[in-house]
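Reviewing the structure listed below.
Worth knowing before you read on, the calculation uses all heavy atoms, side chains too, and leaves out hydrogens, waters and symmetry mates. Treat the numbers as computed from the prediction; the structure is a model and nothing was measured. Here is the naming used below: chain letters follow the sequence lines, and residue numbers restart at 1 for every chain.
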Amino acid sequence: MTVEAAAVVLSRDFYARPTLDVARDLIGQVLVHATARTRTAGVIVEVEAYIGESDPACHAAPGPTTRNQPLYGEPGRAYVYLNYGMHYLMNAVTEPAGSPAAVLIRALEPVEGIELMRRRRSRLRRAGVPPLPDRALCRGPGNLARALGISLCQNRRDLTVGSLVIEEGTAPLGPLAWGPRIGIRVGSDRPWRCYVAGHPAVSRRA
DNA sequence: CGTTCGATGCACT
DNA sequence: GTGCATCGAACGT
C-alpha cells in the first residue's frame, strides 16, 4: 500500500511579501493546472520581478488602467495578459493589495502531464521533425502558458485554491542566480530575474 | 554556432 | 497609430 503526501498549496501570506523575496522563494515550487482531463505541472526554475509604478518595465508604470488592475488587487492571484498578439504570460500578484507588483513565471521543469504538454505545444510540423524534448516544453513564458493551457480565462484566478495553484516543491534545486530581466526595452538595469543556474529548462538570451 | 525578422491582437496615447 | 515582459523560421558565418 502506498501513501502519497497531500500537496501543500502556497498560502496568501506567501505572496503578501516583498516581491524579490517571493520571486526567490517561488523557485522550486510547482505550478499546477488541472483540467477535466489531466493535470499539467512543472517546477518553477526561472522568474522575473516587476515592482511598482516606479519600475518602468512594470505594467503599473502608467498608473492604474483597465489591464493592470489585477496588479493592484489581492496578492496570490494570477495576472495573465496577451503579449505580441499571440503569447499569454502569467504572473503571480505580490505585495499587499494596493501595492502593484508581480512575479512573471518564465520557465518550468515539466513533471506531470508531459504528453498533454507536448500535444499543446505541437505546432504544424512536417513529418520527420522530432518531437520537443521535455526541457523545451515550458522554456519561456509564452511556451509554458501554452503547455499548461493558460490563457486570458485564468486572469485574476486565485492561486491559493482551485484548479490553478502553486504547490510547495520538495526536491532541492541547484544554486540560484540573479541577472537583468529579459526582453524589455526599459528597466533592464534592475537585476530582477532569478533562475536556477545552468538548468536546461531556463530560457537563454541576455 | 550567430543574428535578423515576421507573425499577430490589443491596450494605451 | 504605436509598441510591446515572445517565438521560431530563415538566413549569415
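- For the pair Arg77(A) and Tyr79(A), the cation-pi criterion (under 6.0 Å, within 45° of the ring axis) is not fulfilled.
- Distance, Tyr84(A) OH to dT6(C) C1': 6 Å, rounded to whole Å.
- Atom-to-atom, CZ of Arg67(A) to C1' of dA5(C) comes out at 9 Å; the value is rounded to the nearest Å.
- In this entry the distance linking OH of Tyr81(A) with P of dG3(C) reads 17 Å, nearest Å.
- Hydrophobic clustering of Ile, Leu, Val, Met, Phe, Trp and Tyr side chains at less than 4.5 Å, counting indirect connections, keeps Tyr84(A) apart from Ile182(A).
- Protein chain A contacts DNA chain B over a range whose 5' and 3' limits, counting nucleotides with an atom under 4.0 angstrom from a non-hydrogen atom, are dA7(B) to dT13(B).
- Here the P atom of nucleotide dA5(C) and the CD atom of Glu46(A) are 16 Å apart, to the nearest Å.
- What separates NE2 of His59(A) from P of dC4(C) is a distance of 10 Å, to the nearest Å.
- Leu82(A) places its CG atom 15 Å from the P atom of dC4(C), with the value rounded to the nearest Å.
- Side-chain N/O atoms of Arg185(A) include none lying less than 4.0 angstrom from OP1 or OP2 on dT2(C).
- With a 6.0 Å cutoff to the six-membered ring centre and a 45° limit on the axis angle, Arg67(A) counts as a cation-pi contact of Tyr81(A).
- Separating the OG1 atom in Thr160(A) from the CZ atom in Phe14(A) is a distance of 12.5 Å, to the nearest 0.5 Å.
- Between Arg193(A) and dA5(C) there is no side-chain N or O to OP1 or OP2 distance below 4.0 Å.
- Scanning DNA chain B for stems, defined as runs of 3 or more consecutive Watson-Crick or G-U wobble pairs whose donor-acceptor distances all fall under 3.5 Å, gives the following ranges: B:1-7 with C:6-12, B:9-12 with C:1-4.
- Distance CG (Leu71(A)) to P (dA5(C)): 12 Å, rounded to an integer number of Å.
- Taking atom P on both nucleotides, dT13(C) is separated from dC5(B) by 13 Å, rounded to a whole Å.
- Residue-environment remark: CZ (Arg146(A)) stays at or below the threshold of 12 foreign heavy atoms within 6.0 Å.
- Taking the P atom of each, dA5(C) and dT13(B) are spaced 13 Å apart, rounded to whole Å.
- When hydrophobic clusters are built by joining Ile, Leu, Val, Met, Phe, Trp and Tyr residues whose side-chain heavy atoms come closer than 4.5 Å, directly or via intermediates, Leu144(A) is not grouped with Leu116(A).
- Considering CE of Met117(A) and OG1 of Thr38(A), their distance stands at 10.5 Å, rounded to 0.5 Å.
- Note on Asn143(A): a side-chain N or O is less than 4.0 Å away from OP1 or OP2 of dG8(C).
- Atom CG in Asn83(A) sits about 9 Å away from atom P in dC7(C), given to the nearest Å.
- Cluster note: Trp192(A) groups with Leu20(A), Ile51(A), Trp178(A) through ILVMFWY side-chain heavy atoms spaced under 4.5 Å, whether in direct contact or through intervening members.
- Taking the P atoms as reference points, dT8(B) lies 14 Å from dA10(C), given to the whole Å.
- Atom CG of Leu137(A) sits about 8.5 Å away from atom CD of Glu115(A), to the nearest 0.5 Å.
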